[in-house]
**Student:** 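Encoded as structure tokens, here's the structure I'll be asking about.
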Amino acid sequence: MTVTAPNPAPAAEAPESSGTRLVDRVFKMRELAILVVFLVMIGITQAGNSEFLSEQGIKDLLLNATILVLVATGQSLVVITRNVDLSVGSTLGITAFATGDYLHSGGNAVIAILLAVLLGVGLGLVNGLLVSLGQVPALVVTLGTLYIIRGVDSIWVGSRQITAADLPGGFVDFGSGGLSAVPWLALIALGVLIVTAYYLKHFGSGRELYALGSNPEAARLAGIPVRKRILAAYTFCGGLAGLAGAMYLARFGNVDSGTGTGYELTVVSAVVVGGVVFTGGSGSVYGAALGALLLTSINSVLPALGVSSVWVLAINGILLILAIAVDRIVALRVATALKKRNARHA
Amino acid sequence: MTHPSDAGPAPVLALKGISKSFGAVRALRDVSLELFPGEVHALAGENGAGKSTLIKTLAGVHRPDAGQVLLDGEPVLFHGPGDARDAGIAVIYQEPTLFPDLSIAENIFMGRQPRRALGRIDHKATHAATAELMKRLGVELDPDRPARGLSIADQQIVEIAKALSFDARVLIMDEPTAALTGSEVARLFGVVRTLREQGAAVLFISHRLEEIFQICQQVTTLRDGAWISSEPVEGMAEDDLVRRMVGRDLDELYPKQDVEPGEVALRVKRLTREGVFTDVSFDVRRGEIVGLAGLVGAGRTEVARAVFGIDRWDAGGVEVGGKALTNGAPSTAMAAGLALVPEDRRAQGLVMDMSIERNIGLTGLRTTVKAGLVDRGAERSRSLDWAVKLHVKYARIADTVNTLSGGNQQKVVLAKWLATGPKVLIVDEPTRGIDVGTKAEVHRLLSELAADGVAVLMISSDLPEILGMADRVLVMHEGRLTAEIPRSEATEESVMAAATGRAAA
Amino acid sequence: MPESLTRAIRWDTVVGALLVVLLLFSFTSVDGFGNALNLSFLIGNTLPIALIALPMTLLVVAGEIDLSVASTAGLSGAVMGKLWNDGMAIETIIPICLLLGLVCGLVNGLLVTRLGLPSLAVTIGTLAAYRGIAQIVLGSDAVTDFPTQYLDFAAGRLGNTFLPRAFLPFLVLLAIAVVALHATPFGRSLFAIGANEEAARFAGIRVKRQKLILFTVTGLMASLTGIFWALHYASARYDNATGLELSVVAAVLLGGIDFDGGKGTLGGAIAGVFLLGALQNVMSLLNVSAQSQIVVTGVLLVVSVLGPRVARQIAIARAAARSTG
Amino acid sequence: GGTTKKDVKDENTGSAVTGGKADPNAALKKGLTVGFLPKQVNNPYFTTSDKGGEKALTELGEKYKEVGPSSATDTAGQVSYVNTLTQQQVNAIAVSAQDPGALCTALKQAMSNKIKVVTYDSDTNPDCRNAFVSQASAEDLGRTQVQLLAQQIGYKGEIAILSAAQTATNQNTWIGFMKDELKDPKYKNIKLVKVAYGNDDAQQSFQQTQGLLQQYPNLKGIISPTTVGIKAAAQYLSSSKYKGKVKLTGLGTPNDMRKYVKNGTVDGFELWDPAKLGALAAQTAVALVSGQITGKEGETFKAGGTSYTIGKDGVISLGKPTVFNLKNIDQFNF
Ligand SMILES: Nc1ncnc2c1ncn2[C@@H]1O[C@H](COP(=O)(O)OP(=O)(O)OP(=O)(O)O)[C@@H](O)[C@H]1O
Ligand SMILES: Nc1ncnc2c1ncn2[C@@H]1O[C@H](COP(=O)(O)OP(=O)(O)OP(=O)(O)O)[C@@H](O)[C@H]1O
Ligand SMILES: [Mg+2]
Ligand SMILES: [Mg+2]
């Protein structure tokens with residue numbers, strides 16, 4: 001009784017496929033765009049200061065980015081599920097100190113790193129349990145745990161601090177050493193990044209993280225174990241924050257009760273710049289990692305170009321806005337172009 | 001009247017004495033139902049009768065307060081949708097449940113993707129299987145495109161494909177055809193017949209009664225959450241079914257009175273939105289109901305959106321009562337007396353977490369004002385008036401709309417817009433998901449409005465509705481207006497010819 | 001469940017009750033709390049957070065957020081210090097600073113509404129940018145020599161009472177905000193925008209304009225706070241009010257404002273602000289260390305979201321027991 | 001019209017002397033409570049100095065108490081702690097101010113409630129406290145750091161300064177004296193190329209050091225007059241190719257710097273003894289409460305066997321800083 005078309009195939013759909021492929025390519029390009037911005041920035045700096053890309057310079061760039069890349073990778077998993085973990089800075093701080101404390105009392109470096117990861121996992125688990133079992137807004141809960149972990153850290157640590165002198169020489173050397181210009185820490189971060197990205201793309205549970213971020217209600221109806229997955233994402237995020245804590249210690253050889261304060265904003269910026277959307281369901285860890293690289297490099301580029309530190313903060317903020325604005329404008333332009341092209345075809 | 005359970009095969013899935021309440025609302029009262037392999041079973045009932053609740057109970061979304069679900073004669077307890085799925089039950093819910101960010105293929109196979117070694121997803125196989133499903137349904141959706149931006153019809157198709165991909169023993173469909181036009185429905189029914197022949201049990205809900213007679217063997221009717229009857233479809237007349245659902249005889253559907261059209265109330269002049277629709281011109285006069293027909297994706301909704309100001313137009317113009325409207329400004333359109341009942345009630349029509357009262361009040365924020373403040377008394381009486389006029393079934397006017405059944409939500413959307421007392425009313429699929437009884441009321445209401453001098457533009461995929469209600473029928477094809485057919489000449493053939501791009505009759 | 005009961009379990013009511021309980025406890029058993037000077041300090045120190053919480057609540061109800069408020073406040077303070085040092089009259093400086101805050105808010109609003117960028121990302125960016133500009137403007141200076149009558153207004157008390165002089169103007173602003181959010185069409189539309197922006201647009205609500213107005217007002221209020229801050233503490237520096245955004249967000253969250261938008265009351269938000277402020281004051285008087293205070297704040301936040309949920313579960317369980325029993 | 005800066009004459013530049021006459025021979029009162037309010041609790045530097053204060057107070061038979069914010073930029077927090085101490089009616093407050101102006105209202109309230117206020121390490125405006133105990137004269141600190149570095153680089157080459165926050169009052173004063181010292185002809189071959197700010201954050205100080213070295217490949221030395229900055233810079237240098245080639249000096253604690261002195265990254269650096277600073281602040285507070293001094297220029301009092309004279313604006317100076325190097329560093333533990 002409804003409108004019956006004599007020729008069964010609806011016409012309008014045919015051109016979609018080539019269109020979406022292009023959209024796909026553009027989505028991949030979004031990460032590419034950040035990469036290009038990054039490379040241009042590095043290029044300009046190198047032109048202005050030939051020391052910038054010396055072996056030492058490259059090593060510094062990579063080392064600076066490493067810790068943020070790790071934490072941002074973990075964070076993007078949580079953000080993909082439409083949640084957020086603001087407590088990563090506190091987690092990083094407390095694990096860094098715990099690791100240092102353990103090493104100071106003569107512990108083994110490998111076990112120390114394992115302990116750091118475990119402590120992070122434990123804290124991530126707490127966040128995950130609160131968010132998934134309590135089904136309460138992640139922003140509030142993790143802002144709460146941010147304060148709680150930081151407070152407990154300060155009470156426990158007091159005014160103590162761990163300095164490079166307290167740590168085994170091998171551990172500190174590991175923090176700055178590497179294969180010529182590529183530091184060990186950067187290699188570890190890269191490894192984690194690649195494994196995570198592969199997992200997210202090729203494993204069912206990885207895809208389910210995207211699904212439940214994209215539409216939580218539908219995920220429940222599709223029989224996805226929503227709580228379990230959210231718990232897993234938080235645990236992973238906590239674990240990486242823990243690992244980052246150990247690396248922070250190795251790298252800076254210097255932690256106290258304030259370590260990692262305010263880090264959450266940096267991490268969230270990196271993730272956002274990297275194109276991971278806060279409403280969940282889209283974005284990639286490669287994007288987040290590039291975002292982290294871009295952000296930390298700005299902090300190296302400006303001093304290397306001799307920009308007065310007075311200007312750094314303002315330039316930083318403006319670049320951040322530019323990065324997301326350009327990204328957005330390009331995406332919009334492409335979408336309209338595609339739409340018009342499709343329609344003309346139809 | 002029940003199925004002869006001693007003859008033939010045993011039921012695959014059965015409900016025994018199920019009851020379910022939401023607070024004070026008793027959505028199901030002691031309902032029993034049996035589904036047999038090789039049979040399509042219809043579930044009929046007015047809006048809010050409890051059909052969707054029954055389905056959600058079968059699917060493990062709701063846990064019944066009393067009663068049992070029996071699978072192959074054994075009582076089972078589903079702890080969640082996953083359990084039901086594992087038991088071989090596939091469900092299409094009334095509202096599409098897609099993941100907008102994921103591709104169509106992933107949407108269909110989420111959680112059950114074909115695997116390669118080490119548990120990795122076989123993306124190629126997923127793609128191929130999706131393409132195969134799309135072929136079976138006769139649509140050309142690219143498996144790799146994201147679900148975001150799919151029209152409601154396409155979303156419904158993806159849901160159907162998802163349900164089919166299970167190769168389930170029991171297939172449950174809650175109004176799968178509400179958004180579809182004839183061709184897709186025909187395809188779907190073809191697939192359903194094949195499944196039936198393969199021995200699947202199917203539970204089917206639709207407010208289009210003719211579809212029940214077309215495809216179903218058994219029909220169970222619910223009224224106010226209570227079981228009324230279960231009987232074979234054969235030998236039943238449509239009126240019998242309506243009587244069981246509504247409890248009384250119905251007035252005539254499509255009661256359009258003849259009204260002498262007045263001056264032009266809405267004038268659309270050479271309206272163009274690049275790449276979406278081109279050069280669309282038409283008038284709607286006071287007292288007139290103009291139908292806008294076309295296939296899914298013809299651009300009818302887009303025209304309505306642009307006229308109302310949701311989207312900007314690139315060329316042309318719109319006049320209401322002789323005054324030109326601003327491009328892309330719904331508020332000025334409203335001020336000029338235009339109202340648009342959108343097609344997607346959940347996303348566009350309602351704020352689901354808000355009360356019925358406030359939802360209806362939303363369009364009156366500018367008018368129910370006293371000294372710059374919201375006049376709460378006026379707001380309440382305005383909302384109550386319209387909720388009653390449209391027979392919205394609710395417990396309290398302060399309840400949130402997400403506690404309402406689908407059809408009742410649709411009524412709230414209508415109420416919200418009728419309450420503005422529009423001069424020009426555009427309705428986009430106004431009766432989607434509305435039961436026969438209410439549909440008649442809506443039609444009578446539109447007709448009364450027209451008689452009172454309102455100009456009505458009615459977009460509908462339900463061709464009989466258009467033919468019955470409209471004084472004139474406009475037809476769109478691929479973004480252009482292809483025909484204007486007066487009531488006297490409007491027939492299924494003439495409209496279809498224009499809608500498919502063949503020369504207008 | 002009867003309607004009155006559902007209302008009682010609403011979190012904003014609970015926060016209000018908690019505040020009352022805390023005040024009762026403190027007046028009776030904390031030395032030095034009830035003293036007018038202490039109360040005036042408590043209120044005075046909480047005012048900046050409360051001032052920003054007003055527009056922030058509206059913004060969050062509309063589904064957006066502004067993290068740059070503290071930087072806008074800092075920037076206003078810095079510009080105020082700079083212009084003062086340059087010899088401009090304070091009566092000219094204050095309007096200029098307010099205008100500047102308005103512009104800061106406008107920029108946020110334009111980026112969010114015109115470009116469609118997420119407000120979280122935009123305002124993290126402007127958080128850095130505005131603070132950076134403040135640093136460029138004032139550098140390492142600290143300006144302290146503002147005229148006494150202004151300093152007295154921002155820091156002084158009404159006679160010998162516990163009320164800071166600036167409290168009455170705040171009450172006026174609060175009343176305006178409450179009416180705007182809960183009784184005007186504008187406020188109503190914010191709830192709709194926050195819960196379902198598209199439906200709001202289809203209902204003829206001018207979503208972008210409303211948001212733009214909100215961001216602009218937020219900027220204005222942030223700069224007002226910045227000016228108040230500089231005068232209250234008699235110190236204009238570029239890093240004034242650093243980190244204030246987190247305190248505001250924490251207080252607003254505590255007051256039961258849902259960050260997904262569409263829910264919450266201003267009463268709850270303000271109760272949240274003063275609950276945190278009073279709690280900190282009381283804990284300091286009771287010699288609770290700063291570190292433990294952080295823990296308490298955190299626990300309170302977690303409880304604030306778990307609390308209503310647990311309360312609801314209990315209520316449901318009770319209702320179920322009653323109906324079966 | 002309107003009120004401008006010119007209209008606001010700063011009349012009271014001297015320290016807030018709350019009347020009365022000093023009686024150098026007054027007996028020290030017992031059982032007083034002195035509240036210490038550092039910039040930040042949990043900061044090792046302040047913990048050491050406040051411990052020094054505690055020890056001194058215990059020896060004098062007084063009571064010690066410490067409160068403070070957990071962040072060094074939480075000015076509002078510090079203000080409310082002044083208020084807390086006022087409410088708790090301590091006899092004196094020893095405070096290291098995060099901001100020269102912000103604490104004034106609260107401190108004046110305290111003083112009008114008969115509480116004596118001593119600032120230490122970082123001062124407020126002079127009229128908001130009774131006396132300031134300075135860690136060493138700013139002039140000494142500024143000049144000696146330049147002298148130290150100049151010796152280490154042989155009076156030749158480019159140098160840079162890595163400071164804390166741009167607003168840190170004491171840092172800026174020292175840097176002013178460093179620049180002044182560099183005007184001396186004997187430094188004519190030394191060029192100060194840049195002042196960078198690491199905001200007392202390990203990571204930022206790290207990156208600022210990297211930037212300095214990249215921007216000025218010929219850099220010969222860095223002065224970092226902040227304990228956080230020098231530590232971060234030392235850690236970066238010791239793990240980079242610049243170790244030993246670029247000299248680093250400044251203000252650091254022996255415990256932080258021991259490793260870098262021993263591995264050759266740092267030749268020598270200096271600092272006052274923070275514990276002594278805290279002790280002097282405590283003793284000054286007690287002397288004020290007991291009426292031995294009022295905070296006027298020229299008054300003298302005895303503390304721990306040494307006699308101190310109050311200088312201009314109520315400033316009391318601890319003395320010259322100690323230089324630490326490979327030879328003596330093991331004798332210190334703080
Ligand atoms: N989550 C819920 N909370 C409260 N009441 C609910 C809820 N879901 C459904 N109801 C109520 O249960 C009754 C049955 O609703 P149901 O959705 O099953 O109707 P339906 O038969 O599917 O109607 P329609 O044809 O309109 O889709 C209605 O009165 C509805 O308001
Ligand atoms: N939000 C959207 N984003 C992108 N594309 C869209 C969106 N909404 C609709 N489209 C596409 O625009 C085309 C026309 O839309 P639509 O199907 O709504 O037209 P229509 O004539 O109103 O059809 P109907 O009313 O029968 O659904 C379709 O191909 C659809 O996929
Ligand atoms: Mg239904
Ligand atoms: Mg449509």
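Lettering follows sequence order; numbering is per chain, from 1. The shown structure was predicted, so the numbers you read here are calculated from the model rather than taken from an experiment.
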**Student:** Between B/L350, B/D353, B/T332, which residue shows the highest count of heavy-atom pairs closer than 4.5 Å to chain C?
**Tutor:**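 Highest number of heavy-atom pairs under 4.5 Å: B/L350.
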**Student:** I would like to know whether C/I205 and B/S331 meet side-chain contact (heavy atoms from CB on, under 4.5 Å); could you show each step before the answer?
**Tutor:** CA-CA 6 Å; C/I205 293 168; B/S331 51; over 6 Å; no
**Student:** By a 4.5 Å heavy-atom criterion (distance strictly below it), what part of B/V374 contacts chain C: side chain, backbone, both, or neither?
**Tutor:**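 Its backbone and side chain both get close to chain C.
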**Student:** Looking only at heavy atoms and a cut-off of under 4.5 Å, which of B/K416, B/R376, B/M352 has the most pairs with chain C?
**Tutor:**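 Between B/K416, B/R376, B/M352, the count favours B/R376.
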**Student:** If you take all heavy atoms of B/G372 and C/P185, which pair is closest and at what distance?
**Tutor:**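 That would be O-CD, 3.4 Å.
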**Student:** Is the closest basic N to carboxylate O distance between C/R188 and B/E379 below 4.0 Å?
**Tutor:**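 Salt bridge present between C/R188 and B/E379.
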**Student:** Any sub-3.5 Å donor-acceptor pair from C/N196's side-chain atoms to B/A347's backbone N or O?
**Tutor:**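 Judged by distance alone, yes, a pair lies under 3.5 Å.
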**Student:** Quick one: CZ on C/F202 to CD on B/E343, what's the gap to the nearest 0.5 Å?
**Tutor:**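 The distance works out to 8.0 Å.
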**Student:** Checking heavy atoms, do the side chain of C/F186, its backbone, both or neither come under 4.5 Å from chain B?
**Tutor:**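 Neither; nothing under 4.5 Å.
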